Protein chains: 2
Amino acid sequence: MVFSEHPVLLLLATDIDKDEGSGHGSSQNHSTEPPPMRKFDDSIPLKLLKARESTMAFFRPVLQEIGLTEQQWRVIRALNEHHELESKQLAELCCILSPSLTGIINRLEAQDYLKRRKSTEDQRRVLISLSEKAKIMFANVSPRLEGCYETMTNQLSPEKMQQLKELLDEIIKLER
Amino acid sequence: MVFSEHPVLLLLATDIDKDEGSGHGSSQNHSTEPPPMRKFDDSIPLKLLKARESTMAFFRPVLQEIGLTEQQWRVIRALNEHHELESKQLAELCCILSPSLTGIINRLEAQDYLKRRKSTEDQRRVLISLSEKAKIMFANVSPRLEGCYETMTNQLSPEKMQQLKELLDEIIKLER
DNA sequence: CCCATCTACTTAATATATTAATGAGATGGT
DNA sequence: ACCATCTCATTAATATATTAAGTAGATGGG
């Protein structure tokens, strides 16, 4: 994997106008110069973005049907496992920053999907839990989503899915 | 100014009480009961989200330093490879929907990072290309980002990275 | 040529992401 | 008890994501 390149050469390279017909016709490389920069769509962050999109496509129809966003469902799902959580804990579990979570909680509360109360020991903390309505909805919807998950897993193959999980866990652990 | 925070990714040692399932403790399942649901953070979409966050942590400091967002950089990077693109093509390459792209282009144009012109044959199409300022900036910044990429790759191992790419490509191909 | 239809882009409205700042409440040292 | 300092949640400001609606320009059939 070579990343080193001369900025100047790079600039010159951009002067080569590629025809832009939907395909990436990169067949005209006549130079014997150092390998060009990593191609745009070879980037891991971009692939992770696309992959996430592909997986969400399996679930979106169901969520859309019940009128919940991805993030709202993540919050409800986390609360289903933990009964009651502080805002901060919820944020960590759901990978949602606190300021975003505040709005999400407000909207879910307005729909009677959850309740908030203040901790008696520490008045700063807000404790959040599911309403009965949310529990019932969850019980109805989650089997359908599990079905979607199974479909997706089988379409790739359970082995590859497992392998992917392990690699993702390693990436997640990386510290910059 | 702390990036290392991203509290979202530090859910390693959260002292969130575990057990407490609503009545149905889940250590052992009856064979007749429906299988317990997948645990929350075993979900592939969530892992993909976290993994993307982890990878972006390697690049964010550099982007932040030059005052560009992730999406803005993606656009500039794509334009660096293709010289001139229609809005629609750019959207597809960058995985950004048209309405978002409109705003991103406006802001980048306001900073003199790119130029837009209308196609002469088809007045509907907008053609976008980098300004000289952007090309120079790109030439200066991209080597640093390539360095970040290399650091990340080595930290995981190039082999695993390659393996991950292949699995992600398979996921991306899945059709719902 | 006329018109229905389609396409590319934009606008609008709402939800979320991100960083900085604020306000109420806890905490420790003196 | 007093005060500087922290912490948690929220607000503010800006950028993006997402769906729906709108607008101008192409396109094909009658």
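As the structure is a computational prediction, the values presented were derived from the model and not from experiment. Chain identifiers are assigned alphabetically (A, B, ...) following the order of the sequence lines, protein sequences preceding nucleic acid strands; residue numbering begins at 1 within each chain.
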Can you check whether Ser87(B) reaches Ile105(B) side chain to side chain, under 4.5 Å on heavy atoms?
yes
So, is [X] close to the [N] phosphate, meaning a side-chain N or O under 4.0 Å from OP1 or OP2?
X         : N       : answer
Ser98(A)  : dC8(D)  : no
Gln89(A)  : dC8(D)  : no
Arg125(B) : dT10(C) : no
Ser100(A) : dT16(C) : no
Arg116(B) : dT10(C) : yes

Quick check for you: among [options], whose closest atom lies nearest to any side-chain atom of [X]?
X         : options                   : value
Thr102(B) : dT19(D), dT11(C), dA20(C) : dT11(C)
Gln64(B)  : dC8(D), dC9(C), dT19(C)   : dT19(C)
Arg74(B)  : dA17(D), dA17(C), dT10(D) : dA17(D)

Can you measure [X] atom [atom1] to [N] atom [atom2] for me and round it to whole angstrom units?
X         : N       : atom1 : atom2 : result
Leu101(A) : dT11(D) : CG    : P     : 13 Å
Leu49(A)  : dT16(D) : CG    : C1'   : 12 Å
Gln111(B) : dT14(D) : CD    : P     : 14 Å
Leu108(B) : dA15(D) : CG    : P     : 11 Å
Ile96(B)  : dA17(D) : CD1   : P     : 6 Å
Leu97(B)  : dC9(C)  : CG    : P     : 14 Å
Leu127(B) : dC9(C)  : CG    : C1'   : 12 Å
Ile128(B) : dT10(C) : CD1   : P     : 7 Å

Run Gln162(B) and Glu159(B) through side chain to side chain contact (heavy atoms under 4.5 Å, CB included) and show every step you take.
CA-CA 5 Å; Gln162(B) 182 54 35; Glu159(B) 297 74 24; 5.8 Å; no
Show, in sequence, the C-alpha distance, side-chain angles and deciding distance for Ile76(A) and Met137(A), and conclude whether the side chain to side chain contact (heavy atoms under 4.5 Å, CB included) test is met.
CA-CA 10 Å; Ile76(A) 288 174; Met137(A) 182 276 289; 3.8 Å; yes
Nearest-0.5 Å distance, [atom1] of residue [X] to [atom2] of residue [Y]:
X         : Y         : atom1 : atom2 : answer
Gln72(A)  : Arg107(A) : CD    : CZ    : 7.0 Å
Ile128(B) : Glu86(B)  : CD1   : CD    : 9.0 Å
Leu46(A)  : Leu168(B) : CG    : CG    : 10.5 Å
Phe138(A) : Ile66(A)  : CZ    : CD1   : 10.0 Å

Pick the nucleotide of DNA chain C nearest each of Pro99(A) and Thr69(A); which residue has the one closer to the 5' end?
Thr69(A)
Taking the nucleotide of DNA chain C with the nearest heavy atom to each, does Ser87(B) or Arg107(A) sit closer to the 5' end?
Ser87(B)
Base, sugar-phosphate, or nothing: which does Gln72(B) touch, judged by heavy atoms less than 4.0 Å apart?
sugar-phosphate
Indicate, with a heavy-atom threshold strictly under 4.0 Å, whether Ile104(A) touches base, sugar-phosphate, or nothing.
sugar-phosphate
Closest-nucleotide ordering on DNA chain D, the 5'-leading residue of Ile105(A) and Glu53(A)
Ile105(A)
Write out a two-atom table: protein N or O, nucleotide N or O from nucleotides 24-27 of chain C, distance below 3.5 Å.
| unit_1 | atom_1 | unit_2 | atom_2 | d |
| --- | --- | --- | --- | --- |
| dG25(C) | N2 | Arg124(A) | NH1 | 2.9 |
| dA26(C) | OP1 | Glu121(A) | O | 3.3 |
| dA26(C) | OP1 | Gln123(A) | N | 2.9 |

Side-chain ion pair, Glu53(A) and Arg60(A), N-O less than 4.0 Å:
yes
